[in-house]
Q: 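Below is the structure I would like to discuss, written out as structure tokens.
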Amino acid sequence: MLFSIRKKTKFNNQISTVAMPKRFVSIWFRYLLTDREAIRLKSLRELPVAFTEQDHGRMLVMAMNGHAENCGVKPGMAAADARVIAPGIQLFECKAGRNIKLLTGLAEWCLRYTPLVMVDPPDGLLLDVTGCTHLKGGETEFLKDIVNRLRALGYTIRPGMADTIGCAWAVARCAESGLLVPPGGQRNALMPLPPAALRLGVELVIKLRELGFYQVGSFIHLPKSVLKRRFGGNMVLRLYQALGQEAEFLLPLKEPVPYSERVSLLEPIRTREVIETTVYALIDQLCKRLYAEGLGLRSAILTYLRIDGKSGQLTIGTNHPSQRTDHIFKLFALQFDQVAPGLGIEAFILDAAKTEPASDKQNLLWNGKPTADSEEIAELLDNVGARVGKDHIHRYLPQEHHWPERAAGNTTDLTQTPESAWPEDRIRPVQLLEPPEPIEAMALTPDYAPRQFVYRHERHIIVTADGPERISHEWWLEDGGYRDYYVAEDEEGMRYWLFGTPNDLPGQTRRWFIHGYFP
């Protein structure tokens with residue numbers, strides 16, 4: 001399977017196409033479940049171990065380790081028979097989906113090698129390593145690193161690398177040697193392998209053996225029409241996928257982020273100074289890509305991978321599309337105390353989870369009065385939000401409503417423009433109570449401001465008051481009357497916003513409320 005790279009030559013400025021083979025790695029965890037159990041319980045490492053599942057009232061072996069296999073235990077064998085031929089065998093009941101859960105965790109661990117990793121049930125992984133092997137010094141060293149580190153964790157594995165998924169899968173499980181297939185060598189690698197290497201069904205494999213086809217090379221040269229007529233279309237598809245003559249796609253565990261940068265370190269790092277230097281360079285590299293395409297960062301995820309297999313993440317967000325390395329680094333730096341390097345960090349991955357077109361206003365800093373969507377305001381809010389939490393930051397815009405509690409709307413969008421201007425001809429408090437709280441008030445006449453009121457068990461004597469300002473209800477939204485508002489100051493100099501309800505209907509009594517405070 002090939003893909004093209006467009007390359008501009010230095011001399012004639014022409015575009016040429018260079019064909020480069022894709023490279024895949026298949027990892028076979030031969031004893032996936034039992035290895036994981038031995039990692040958890042070290043006492044099982046030298047004992048025969050098997051996992052069983054119930055089938056029509058019988059307990060059957062479905063997975064075992066090497067010690068049990070050497071004793072003659074096989075998949076599908078009754079658990080009672082396994083106990084007879086393998087004295088001391090430790091049997092565990094397998095929970096449904098446990099292998100998928102283990103493979104998913106291992107796939108996430110393999111993201112340190114490539115962003116394209118796929119779970120291959122029941123006991124394997126597939127990696128698209130095109131363009132990644134040079135990070136470890138070549139394909140041979142790349143495979144060695146994977147094998148050595150997974151074996152150090154306690155897993156028994158066999159890897160295979162080839163131009164196609166099918167060939168890599170075949171050599172990982174069936175080849176005695178030649179696990180690293182050179183580019184274009186999949187035909188020669190497949191020929192000595194048994195038909196089962198093509199990922200065929202059990203019935204078809206048995207049929208091929210009965211007909212004397214013990215190796216792929218015994219039927220690989222037969223015409224496509226003959227193979228399809230005698231063995232079905234699936235057999236032809238698998239063979240031609242392994243040869244690279246039919247397309248086969250890898251569906252990654254995580255969808256690749258369009259804007260992502262990663263760095264693999266030659267030596268694990270632990271000190272904060274080196275971590276800061278590495279992260280800053282990674283952010284700068286991403287910002288340059290975004291700047292070249294006229295984009296800015298709105299949210300990003302920094303993942304660090306440790307040499308002991310563990311990982312961690314830091315997440316930041318911005319109020320405005322940003323391309324500034326210093327600003328984004330400061331947001332991450334606020335969380336560096338959460339980074340636990342352990343024995344050392346070997347890789348960093350920076351993903352731009354969300355990007356937006358960047359405005360030219362970023363290049364016009366400090367020109368004129370800063371507005372709500374200016375970069376300096378956005379960066380200030382980013383820094384404050386990183387410390388106290390973005391949920392504690394609110395922006396209010398004027399709304400076309402009469403009732404004061406509806407006259408302001410909350411938004412987090414710095415670019416949103418208000419539909420109307422704030423009223424400058426009317427006095428409003430800096431803090432509103434929601435909802436207004438009832439008070440006990442005494443007025444000389446119903447149409448005058450109160451002379452005193454009791455609020456939260458405290459009596460306030462009014463020395464001066466301005467008003468009334470009558471605000472009518474919004475009859476198209478709800479039923480109601482009007483409110484008469486007063487700005488009242490007590491003898492201690494505190495100013496309050498009070499209002500009374502209508503009293504001009506028979507049997508109606510004016511009620512008083514406090515709605516806000518003035519500075």
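The structure presented is a predicted model; accordingly, all values stated were derived computationally and were not measured.
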Q: Quick check on Leu266: does its CG atom have over 12 non-hydrogen neighbours (other residues, nucleotides or ligands) under 6.0 Å away?
A: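 No, because the 6.0 Å sphere around CG of Leu266 holds 12 heavy atoms or fewer from other groups.
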Q: Going by salt bridge (charged side-chain N to carboxylate O under 4.0 Å, His left out), name the pairs with one or both residues in residues 102-117, residues two or more places apart or in two chains.
A: Arg112-Glu346
Q: Under the side chain to side chain contact (heavy atoms under 4.5 Å, CB included) rule, collect the residues that match up with Ile462, sequence neighbours excluded.
A: Phe453, Ala465, Ala488
Q: Residues in side chain to side chain contact (heavy atoms under 4.5 Å, CB included) with Thr133, at least two apart?
A: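 Only Val129, Glu139, Phe142, Met161 meet the side chain to side chain contact (heavy atoms under 4.5 Å, CB included) criterion with Thr133.
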Q: For the pair Asp35 and Arg30, find out whether any cationic side-chain nitrogen is under 4.0 Å from an anionic carboxylate oxygen.
A: no
Q: Look only at the side chain of Gln323 and the backbone of Leu295, and say whether a donor-acceptor pair between them is shorter than 3.5 Å.
A: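 Confirmed, Gln323 side chain pairs with Leu295 backbone.
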Q: Identify whether the distance between the nearest side-chain nitrogen and carboxylate oxygen of Glu93 and Lys95 falls below 4.0 Å.
A: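 No, this pair does not count.
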Q: For Arg23, does its backbone N or O pair with a side-chain atom of Thr130 as donor and acceptor, under 3.5 Å?
A: yes
Q: Around Glu434, counting heavy atoms of other residues, nucleotides and ligands shown, do more than 12 lie under 6.0 Å from its CD?
A: yes
Q: Indicate the ring-plane relationship of Phe348 and Tyr304, choosing parallel, tilted or perpendicular according to the 30° and 60° boundaries.
A: tilted
Q: Any sub-3.5 Å donor-acceptor pair from Arg306's side-chain atoms to Gly344's backbone N or O?
A: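 No; zero donor-acceptor contacts below 3.5 Å.
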Q: Can you confirm whether Glu440 is buried at CD, in the sense that more than 12 heavy atoms of other residues, nucleotides or ligands lie under 6.0 Å from that atom?
A: no
Q: Could you tell me which non-hydrogen atom of Val119 sits nearest to which non-hydrogen atom of Ala107, and how far apart they are?
A: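 Reported closest heavy-atom pair: CG2-CB, 4.1 Å.
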Q: For Lys136, I'd like to know if atom NZ has over 12 heavy atoms of other residues, nucleotides or ligands within 6.0 Å.
A: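 More than 12 within 6.0 Å, yes.
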Q: Would you find a donor on one side and an acceptor on the other, under 3.5 Å apart, between the side chain of Asn148 and the backbone of Lys144?
A: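 Checked: pair present.
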Q: Where do Tyr485 and Trp497 land on the ring-ring contact (aromatic ring centres under 6.0 Å, His included) test, with the steps shown first?
A: CA-CA 7 Å; Tyr485 278 88; Trp497 208 32; 4.1 Å; yes
Q: Residues two or more places apart in sequence or in another chain: which of them pass salt bridge (charged side-chain N to carboxylate O under 4.0 Å, His left out) with Arg495?
A: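 Result, salt bridge (charged side-chain N to carboxylate O under 4.0 Å, His left out) vs Arg495: none returned.
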Q: Flag the pair Pro341 / Ile269 as yes when at least one side-chain heavy-atom distance between them is below 4.5 Å, and no otherwise.
A: no
Q: Show your reasoning for whether side-chain contact (heavy atoms from CB on, under 4.5 Å) applies to Leu125 and Leu103.
A: CA-CA 7 Å; Leu125 297 176; Leu103 288 174; 4.3 Å; yes
Q: Nearest 0.5 Å please: distance from the CD1 atom of Ile328 over to the CG atom of Leu286.
A: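 Going from CD1 on Ile328 over to CG on Leu286, the span is 7.0 Å.
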Q: Does a donor on one side chain sit under 3.5 Å from an acceptor on the other, for Tyr455 and His460?
A: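 Short answer, no.
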Q: For Gly342, does its backbone N or O pair with a side-chain atom of Arg270 as donor and acceptor, under 3.5 Å?
A: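 Confirmed, Arg270 side chain pairs with Gly342 backbone.
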Q: State which residues pass salt bridge (charged side-chain N to carboxylate O under 4.0 Å, His left out) with Arg98; sequence neighbours excluded, sorted by chain then number.
A: Glu37
Q: Say whether Asn65 and Thr34, considering side chains only, have a donor N or O and an acceptor N or O under 3.5 Å apart.
A: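 Per modelled atom types, Asn65 and Thr34 side chains form no pair under 3.5 Å.
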Q: State which residues pass ring-ring contact (aromatic ring centres under 6.0 Å, His included) with Phe513; sequence neighbours excluded, sorted by chain then number.
A: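 Partners of Phe513 by the ring-ring contact (aromatic ring centres under 6.0 Å, His included) criterion, ordered by chain and then number, come out as Phe499.
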Q: Please list every donor-acceptor pair under 3.5 Å in which a side-chain atom of residues 49-61 meets a protein atom from a residue at least two apart or in another chain.
A:
none

Q: Search all heavy atoms of Asp490 against all heavy atoms of Val463 and return the closest pair with its distance.
A: O-CG2, 3.6 Å
Q: Applying ring-ring contact (aromatic ring centres under 6.0 Å, His included), name anything that partners Trp109, two or more places apart in sequence or on another chain.
A: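 Result, ring-ring contact (aromatic ring centres under 6.0 Å, His included) vs Trp109: Tyr113.
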Q: Mind checking what makes ring-ring contact (aromatic ring centres under 6.0 Å, His included) contact with Tyr259, not counting sequence neighbours?
A: none
Q: Calculate, to the nearest 0.5 Å, the distance between atoms CZ and CD belonging to Phe92 and Gln90 respectively.
A: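 Result: 5.5 Å between the selected atoms.
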Q: Check for a donor-acceptor pair, side chain of Asp351 on one end and backbone N or O of Ala353 on the other, with a separation under 3.5 Å.
A: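 Between the backbone of Ala353 and the side chain of Asp351 there is no qualifying donor-acceptor contact (under 3.5 Å).
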Q: With Arg456, which residues qualify under side chain to side chain contact (heavy atoms under 4.5 Å, CB included), at least two apart?
A: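 Arg456 satisfies side chain to side chain contact (heavy atoms under 4.5 Å, CB included) with Glu437 once adjacent residues are dropped.
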Q: Give the intermediate values and the outcome of salt bridge (Lys or Arg N to Asp or Glu O under 4.0 Å) for residues Glu293 and Lys288.
A: CA-CA 9 Å; Glu293 299 189 28; Lys288 288 178 179 177; over 6 Å; no
Q: Suppose we screen for salt bridge (charged side-chain N to carboxylate O under 4.0 Å, His left out). Which residues come up paired with Glu261, at least two apart in sequence or across chains?
A: Arg289
Q: Please step through salt bridge (Lys or Arg N to Asp or Glu O under 4.0 Å) for the pair Asp484 and Arg510, ending with a clear verdict.
A: CA-CA 10 Å; Asp484 286 336; Arg510 168 161 286 196; 2.9 Å; yes
Q: Restricting to side chain to side chain contact (heavy atoms under 4.5 Å, CB included), what partner residues turn up for Leu250, sequence neighbours left out?
A: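 So Leu250 forms a side chain to side chain contact (heavy atoms under 4.5 Å, CB included) with Phe24, Leu116, Met118, Leu126, Asp128, Ile165, Pro252.
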